[in-house]
There are 2 protein chains.
Amino acid sequence: MSISDRKEREKKEMRQAILDAALNLFREKGYDAVSIRNIAEAIEYSPATIYLYFKDKNEIFFALQFEAAAVKRDHLLPVAQIEDPWQRLIEFGRRYIDFGMKHPGLYDLLFIIRAPMESVENQECWLLGLSVHKFFEDTVQACIDARYFKSTDAKTIAYTLWCHAHGLVSLFVRDRMRMYPPEEREELARKSFAMLLKMAETL
Amino acid sequence: MSISDRKEREKKEMRQAILDAALNLFREKGYDAVSIRNIAEAIEYSPATIYLYFKDKNEIFFALQFEAAAVKRDHLLPVAQIEDPWQRLIEFGRRYIDFGMKHPGLYDLLFIIRAPMESVENQECWLLGLSVHKFFEDTVQACIDARYFKSTDAKTIAYTLWCHAHGLVSLFVRDRMRMYPPEEREELARKSFAMLLKMAETL
DNA sequence: TGACTTTACTAAACAGTGTTCAGTAAATTT
DNA sequence: AAATTTACTGAACACTGTTTAGTAAAGTCA
């Protein structure tokens, strides 16, 4: 079965080549500004070929969303090694923001872009994101159990922290910080993260 | 000059008719999903007519962004009547979130949609938004002056509060709260806002 | 080996998009 | 009444996502 093995491998490689080209283009120009023809040209095939590997443009989007979710998980998961829940939570937050700043295109894909979120094919991606979110909430709960917080409402605490981090990153990613001088923006974000931690200590 | 008066009036009415139709369509289907032909059909004119009133689709977008900024200002400005700066700040935050929830299309237009933000024509809109942001920062400064906060870093405080509110609204607007049951989402947002206020009191 | 089937791919088309331009008919001015 | 200005449009251009019919090569079997 060596021939069919090779065929299968080639099929996967082609699929990946399409995704790689698409991701590069999306990062450069944004989802809507990239056409199937652009992607086809990048991989030096005809546009119709794309449709042999993906049902439509949305399916490419979903596949990339899954890749982005995996990159995010790999970026965040190392903090599971940190034993102290409060230190773990701090590092989780720091890395969440860091992920958004380092990969604005992927962050956009996961948390900002308007896309048909109800898709069934996208379930694996959804479950992946959900498990990371659960890890986050569990860490908050661990902080409560270790008496780092007086409040016992883990859900609301987690959500509140998330709101801040997401707001911070998405104002960056979508260029809504123009009232602050460019060279001050990063420092402001760092200060704000530190301020939120200080505030969280009083919860 | 009654004829040229009428002409000018008609020109303004036509412009407004285009904007009204465009805004309705954008709200229903989102910016990218609405075509110039859709707008033209809605006002019962040919697509080419649109271009007599707007340079291109982006200019329609900018004009709507200005309208959205005005709606937002009218939604927020009444809080200027509140004398106590802390109460004013609370009500400002409440209304900011309320604006986002009530007008997700407008909020999207102002703070989320990817658009050429460097546009010069868009200056009036930008100045309008800037003045509201300044009012917000001034209110934070007033809280500091009235000893509601120990911290004196008005800029970082304002930015931190904004991050939370923007994060909260944009997770809503872009449908990223699917891990929470629909009927719990609003309450969670309310609880989170209350939690942030409690935290802010310790600043 | 030669005939048959399956696979991988593409050219061309369809209906849509933003935008431009030449042309027209009506309103206004002279 | 003639000339000009205004408001508008039909048709075109180059683009978009997507489908379909057809082709040439690769693999299979006699």
Side-chain angles (χ1 to χ4, degrees), chain A residues 1-19 21-26 28-65 109 113-116 119 121, chain B residues 1-19 21-26 28-65 109 113-116 119 121:
Chain A
M1 287 294 148
S2 132
I3 285 178
S4 64
D5 276 6
R6 199 202 70 220
K7 292 238 166 181
E8 205 176 317
R9 196 180 62 237
E10 283 175 351
K11 201 141 197 164
K12 270 187 188 163
E13 281 171 1
M14 180 65 135
R15 221 186 116 91
Q16 197 55 50
I18 293 171
L19 288 179
L23 184 53
N24 277 333
L25 289 168
F26 286 172
E28 274 175 47
K29 315 204 279 172
Y31 179 74
D32 284 310
V34 175
S35 71
I36 296 286
R37 282 173 177 81
N38 294 155
I39 301 169
E41 199 173 355
I43 60 168
E44 299 177 299
Y45 281 83
S46 87
T49 302
I50 308 270
Y51 289 89
L52 299 175
Y53 296 86
F54 296 92
K55 200 176 109 274
D56 52 25
K57 201 184 170 188
N58 264 333
E59 215 184 67
I60 298 177
F61 170 78
F62 290 136
L64 285 180
Q65 214 172 30
L109 219 58
I113 280 180
R114 194 169 248 136
S119 161
E121 301 93 323
Chain B
M1 289 292 150
S2 134
I3 285 178
S4 65
D5 277 7
R6 198 204 68 222
K7 291 237 165 179
E8 205 175 318
R9 196 180 63 237
E10 282 175 351
K11 203 140 195 164
K12 271 187 188 162
E13 281 171 2
M14 180 64 136
R15 222 186 115 91
Q16 197 56 51
I18 293 171
L19 288 180
L23 184 53
N24 277 333
L25 289 168
F26 286 172
E28 274 174 48
K29 317 203 278 173
Y31 179 74
D32 284 310
V34 174
S35 70
I36 295 285
R37 284 172 176 81
N38 294 154
I39 300 169
E41 199 174 356
I43 59 167
E44 298 178 299
Y45 281 82
S46 87
T49 301
I50 308 269
Y51 288 88
L52 300 175
Y53 296 86
F54 296 92
K55 199 176 111 276
D56 53 25
K57 202 184 171 189
N58 263 334
E59 216 185 68
I60 298 176
F61 170 80
F62 289 137
L64 285 180
Q65 215 173 28
L109 219 56
I113 280 179
R114 194 169 248 136
S119 162
E121 302 92 326

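In the text below, chain A, chain B and the rest are named by the order of the sequence lines, each starting its count at 1. No experiment lies behind these values; they were computed from the predicted model shown.
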*Taking only Watson-Crick and G-U wobble pairs with both distances under 3.5 Å, what dot-bracket line describes DNA chain D, where [ ] shows pairs that cross earlier ones and | shows pairs with another strand?*
|||||||||||||||||||||||||||||.

*asked:* Strictly distance-based, threshold 3.5 Å: is any side-chain N or O of Asp56(B) a donor or acceptor partner for the main-chain N or O of Glu59(B)?
replied: yes

*Report the distance from atom CZ of Phe54(B) to atom P of dC8(D), rounded to the nearest whole Å.*
13 Å

*If you pin Met14(B) and Arg37(B) to their nearest nucleotides in DNA chain D, which one's is more 5'?*
Met14(B)

*Nearest whole angstrom, please: distance from the P of dT20(C) to the OH of Tyr53(B).*
17 Å

*asked:* Categorize Ser35(B) for me: base, sugar-phosphate, or nothing, with a 4.0 angstrom heavy-atom threshold over every strand shown.
replied: sugar-phosphate

*To the nearest angstrom, how far is Ile50(A) atom CD1 from dA8(C) atom C1'?*
14 Å

*asked:* At less than 4.0 Å, is any side-chain N or O atom of Lys11(B) found next to OP1 or OP2 of dA7(D)? Yes or no.
replied: yes

*asked:* Is Thr49(B) close enough to dT9(D) that one of its side-chain N or O atoms is under 4.0 Å from OP1 or OP2 there?
replied: yes

*Greater than 12 external heavy atoms within 6.0 Å of Glu8(B)'s CD*: no

_Candidates dT10(C), dT19(C), dC8(D) - which lies nearest the side chain of Leu52(A)_ = dT10(C)

*Within 6.0 angstrom of Glu44(B) CD, more than 12 heavy atoms from elsewhere*: no

*Nearest whole angstrom, please: distance from the C1' of dT17(C) to the CD1 of Ile39(B).*
12 Å

*Quick one: OH on Tyr51(A) to CD1 on Ile36(A), what's the gap to the nearest 0.5 Å?*
4.0 Å

*Of the nucleotides dT16(D), dT17(C), dC9(C), which has the atom closest to the Asn38(B) side chain?*
dT17(C)

Within the sub-3.5 Å range, which N or O atoms of nucleotides 23-25 of chain D have a protein N or O partner, and how far apart are they?
none

Every protein N/O within reach of nucleotides 21-27 of chain C N/O, cut-off under 3.5 Å:
none

